[in-house]
Structures are given as C-alpha cells and as structure tokens.
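Step one of this worksheet: look at the structure below.
By convention in this document, chain letters (A, B, ...) are assigned in the order of the sequence lines, proteins followed by strands, and residues within each chain are numbered from 1.
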Amino acid sequence: MDDQTRMMTGLTGLGGLAQGDVGDPDSVRKQQSLGQPQQDIGDILQQIMAITDESLDEAQARKHALNCHRMKPALFNVLCEIKEKTVLSIRGVQEEDPPDPQIMRLDNMLLAEGVSGPEKGGGSAAAAAAAAAAGGSPTDSSIEHSDYRAKLAQIRQIYHSELEKYEQACSEFTNHVMNLLREQSRTRPISPKEIERMVAIIHRKFSSIQMQLKQSTCEAVMILRSRFLDARRKRRNFNKQATEVLNEYFYSHLSNPYPSEEAKEELAKKCGITVSQVSNWFGNKRIRYKKNIGKFQEEANLYAVKTAVDAANVSAQASQANSPATPNSGGYPAPCYTPDGRL
DNA sequence: ATCAATGATTGGCG
DNA sequence: CGCCAATCATTGAT
C-alpha cells in the first residue's frame with residue numbers, strides 16, 4: 001500500500017466533510033509531510049466517520065478513547081467555531097424580536113383590570129368590604145360589585161396559578177435542556193452560545209403559550225365585564241309612580257307622543273330616572289302601543305280619565321267639570337273612548 | 001316551570 | 001342624532 005492509496009482511502013473516509021480544507025490534496029500532502037500530530041487527526045476523523053458502522057460496544061469503547069484523546073478539546077473548539085459561524089449566519093436574522101405590541105396590550109389590560117399586578121384587597125372579605133364601602137347605595141350596587149369582584153378574583157386566581165405553572169414548567173424544561181446539552185457537550189461540540197440560543201428559543205416558545213393564557217384571561221374578563229355592565233342584566237322595573245307619570249304624559253299626548261328634550265328632562269326628574277331611560281320608555285311604549293292598540297285600550301281609558309279628573313280638579317270649583325274626552329287627534333290612531341271600556 | 005311584561009340594546013334608516 | 005323594529009335578558013305573576 002503506497003502513499004497514494006492511503007491518501008485516497010483517507011479521503012473517502014472523510015466523505016463530504018470540509019471539502020474546501022481537508023479534502024484539498026495539497027493540504028493532505030502537507031499534513032503527511034508534517035508528521036505525527038496531523039496524522040493523528042486524520043486517523044481520528046476516520047475513526048469518527050467509521051463509528052456508525054460499528055457495534056454499540058465497539059462504538060462505546062471508541063467513544064471513550066476519543067473522549068480521552070488529548071486533542072479532543074482543541075478539536076471541539078474548532079468545530080464549535082465553525083458551527084458558530086455557519087449557524088449564526090443562517091439564523092442570526094431572527095434574533096431579538098422587539099417586545100410584542102400584542103402582549104404589551106394584553107399586559108396593560110390585565111394590569112388595568114387588576115388581574116395581574118399587586119393584589120388590591122387581600123382576601124374575599126376585604127374585597128367585599130371594599131365593595132360595600134365603594135357603593136353609594138348600600139344594597140343594590142354593592143352586592144353586584146362584590147359578585148363581580150368575586151368572579152374577578154376567581155379569574156385572577158386561575159390566571160396566577162396557571163402562570164406559575166407555566167413558569168415552573170419553563171424553568172424546569174430549560175434546566176433539563178441545559179443539563180442535557182452540557183452532558184452532550186462532552187461528546188459533541190456545543191458552544192455556550194448555542195446553549196444560550198436554545199434557552200432563548202425555549203423562552204420564546206413558553207412566552208407564546210403565556211400569551212395565549214393572557215389572551216384567554218382577557219377574554220374572560222371582557223365577558224365578565226359585559227355581563228355585569230350590560231344593563232339588561234340588572235334591569236329593575238320603574239316604580240309605580242314613575243310609570244304613572246310616564247303613562248300620563250304618553251296618553252295625554254297620544255296624538256304626538258314625542259316629548260321634547262326639555263320635556264324628557266322634566267319627566268326624568270319627576271320619575272327619578274335618566275333622560276335616556278325616558279327616551280327608551282317612550283320608544284318602547286310607542287312601538288308597543290302601535291303594535292297592539294287593543295291591548296292598551298284599557299290603560300288609555302284609565303289615564304284619559306285620570307288626566308280629565310286632574311284637569312277637573314285644577315279648574316275645579318268655579319267651573320263645571322265637563323266632558324272627559326280624550327285629547328287626541330291625528331297621527332296616532334285615536335282610541336275612541338267608550339264608557340264600558342270596549343272599542 | 002312557564003310566560004307575558006318590560007327596560008335595554010342593536011342595526012338600519014333618513 | 002333620533003326614531004323604529006327586532007331582539008335580548010330579567011322580572012314577576014301563575
């Protein structure tokens with residue numbers, strides 16, 4: 001076996017690895033002329049490439065031998081450097097993503113809702129006390145508030161326990177991977193930077209999971225808010241006197257039941273409700289009256305009589321109490337008054 | 001449990 | 001923006 005064939009077998013053993021450098025016939029020739037250390041490297045590389053063809057025991061033994069080789073640290077350093085260059089050039093682009101605006105928004109909202117951040121009020125008792133203290137009306141709103149707060153506290157608790165779980169899992173997993181990589185760094189070239197990058201990747205993955213948690217927490221809070229803020233869910237019927245005032249106005253202006261802004265304010269004040277509630281009431285009343293005039297006939301007569309009586313009382317003494325005729329005409333279909341209450 | 005009454009909301013229109 | 005019409009969600013009576 002002359003030098004030429006030895007060189008060829010050496011080359012085929014190296015396969016596609018590092019063509020540019022090791023595969024260069026010149027450098028091989030140089031190595032051979034330089035003597036023992038370079039020859040060692042050639043042998044080692046050959047052994048490495050052959051390792052997969054051997055039995056497990058053999059491979060294990062060879063691995064051990066390689067591990068103990070005096071050139072191993074230097075070789076690994078070089079390999080690490082090469083890896084660093086190639087890997088960095090490939091994926092160095094997507095490093096350091098800026099703080100996601102989406103997650104910032106979620107964070108801000110959770111903070112604003114008091115889900116994340118410092119607990120304000122300790123236990124549920126404190127929350128209830130705070131609710132009681134906050135409410136202007138003693139029973140009505142504070143009960144709903146405490147209910148709301150209880151639900152919010154529930155969400156908050158779930159959020160925190162989940163968050164803790166995620167964080168724990170993340171650090172556990174990170175530790176595991178780091179240990180694994182450190183372990184492996186004895187048998188394959190792994191640079192500290194690589195470990196760092198891996199950790200960063202893991203953290204990114206976990207933070208995306210965290211974002212999902214935050215997202216769903218935000219949704220839960222929104223739903224809770226809408227449930228409690230939606231006035232339909234805490235509707236109270238107006239008191240008798242209020243509906244009386246409203247009905248009086250409605251039936252005495254049946255021809256044009258559209259109170260002006262000032263009239264609405266007046267009614268609102270009289271009834272102890274808001275102007276928009278007055279508007280709602282008239283909107284509902286108009287449409288419902290129109291839809292089924294018959295059903296409201298009785299009511300119409302009642303209030304017609306009532307207003308007539310009032311009018312009579314006002315213009316009382318001196319004059320005569322005259323006809324209780326309904327004061328309507330035009331626009332709306334006039335419900336004609338009949339003594340027995342029928343159309 | 002069921003259902004009409006009722007206050008509030010929503011979407012469309014002018 | 002105010003109104004109408006349809007609809008929702010709760011109340012209160014049965």
Side-chain angles (χ1 to χ4, degrees), chain A residues 109 112-113 127-128 131-132 134-155 216-307 309-310 326-338 340-343:
Chain A
M109 167 162 175
E113 294 298 331
S137 50
T139 49
D140 203 29
S141 64
S142 68
I143 281 176
E144 313 219 343
H145 276 183
S146 74
D147 210 12
Y148 174 80
R149 273 155 189 273
K151 291 254 166 55
L152 194 64
Q154 212 176 320
I155 290 175
S216 57
T217 305
C218 274
E219 272 167 29
V221 172
M222 293 300 273
I223 289 168
L224 181 66
R225 276 181 80 87
S226 73
R227 280 189 71 84
F228 275 86
L229 261 48
D230 188 347
R232 279 180 293 196
R233 295 187 181 271
K234 54 181 177 188
R235 180 177 70 76
R236 292 289 106 91
N237 288 350
F238 299 152
N239 61 44
K240 211 164 181 326
Q241 185 237 325
T243 51
E244 210 144 294
V245 170
L246 293 167
N247 272 317
E248 246 170 67
Y249 188 99
F250 180 78
Y251 285 110
S252 62
H253 297 73
L254 205 50
S255 59
N256 184 33
Y258 297 86
S260 64
E261 197 58 32
E262 299 86 62
K264 280 182 192 171
E265 278 168 29
E266 176 93 15
L267 287 165
K269 206 180 292 180
K270 264 201 246 180
C271 300
I273 59 180
T274 68
V275 173
S276 65
Q277 281 180 305
V278 173
S279 297
N280 283 341
W281 190 92
F282 273 88
N284 283 324
K285 191 72 183 179
R286 280 190 299 265
I287 193 71
R288 283 165 184 163
Y289 178 83
K290 197 181 81 176
K291 259 188 173 172
N292 192 350
I293 296 172
K295 203 172 70 183
F296 288 91
Q297 198 58 66
E298 220 173 308
E299 196 177 61
N301 293 333
L302 197 126
Y303 281 98
V305 170
K306 198 193 284 282
T307 54
V309 168
D310 283 356
T326 54
N328 50 31
S329 62
Y332 265 68
C336 48
Y337 174 73
T338 53
D340 61 316
R342 310 188 107 261
L343 209 57

Shortest non-hydrogen separation from A/Cys271 to A/Leu246 and the atoms involved: SG-CG, 3.9 Å
Donor-acceptor pair, side chain of A/Gln277 and main chain of A/Thr274, under 3.5 angstrom: yes
Gap between atoms CH2 and C1', on A/Trp281 and B/dT9 respectively (whole Å): 19 Å
Euclidean distance, atom NZ of residue A/Lys240 to atom P of C/dA13 [Å, nearest integer]: 12 Å
Interatomic distance, A/Asn237 CG vs B/dA5 C1' [rounded to whole Å]: 8 Å
Side chain to side chain contact (heavy atoms under 4.5 Å, CB included) partners for A/Glu244, two or more places apart: A/Lys240, A/Glu248, A/Tyr303, A/Lys306
For nucleotides 5-7 of chain C, give me every protein contact, N/O to N/O, under 3.5 Å, one pair per line with atom names.
from  : atom 1 : to       : atom 2 : distance (Å)
C/dA5 : OP1    : A/Lys290 : NZ     : 2.9
C/dA5 : OP2    : A/Lys290 : NZ     : 2.7
C/dT7 : O4     : A/Arg288 : NH2    : 3.3

Nearest-angstrom distance from the residue atom CZ of A/Phe250 to P of B/dT6: 13 Å
A/Gln277 side chain near B/dG7 phosphate (N/O to OP1/OP2, under 4.0 Å): no
Minimum side-chain heavy-atom gap A/Asn301-A/Tyr251 below 4.5 Å: no
Residue-phosphate contact under 4.0 Å: A/Lys295 side-chain N/O, B/dA5 OP1/OP2: yes
Shortest non-hydrogen contact from A/Glu299 toward A/Lys285: OE1-NZ, 2.7 Å
For A/Tyr249 against A/Pro259, the heavy-atom pair lying closest together: OH-CA, 3.5 Å
Shortest non-hydrogen separation from A/Val221 to A/Met109 and the atoms involved: CG1-CE, 4.3 Å
Heavy-atom pair with the smallest gap, counting every atom of A/Phe282 and A/Pro257: CD2-O, 3.7 Å
Whole-Å gap separating P (B/dT6) and CD (A/Glu244): 13 Å
d(CZ, A/Phe238; C1', B/dA5) in whole Å: 13 Å
Output one line per pair: protein atom, nucleotide atom from nucleotides 1-3 of chain C, and distance, for all N/O pairs under 3.5 Å.
from  : atom 1 : to       : atom 2 : distance (Å)
C/dC3 : OP2    : A/Lys264 : NZ     : 3.3

A/Arg235 CZ - C/dT10 C1' separation (whole Å): 5 Å
Separation of B/dT6 C1' from A/Ile273 CD1 (nearest whole Å): 13 Å
Minimum side-chain heavy-atom gap A/Arg286-A/Lys290 below 4.5 Å: no
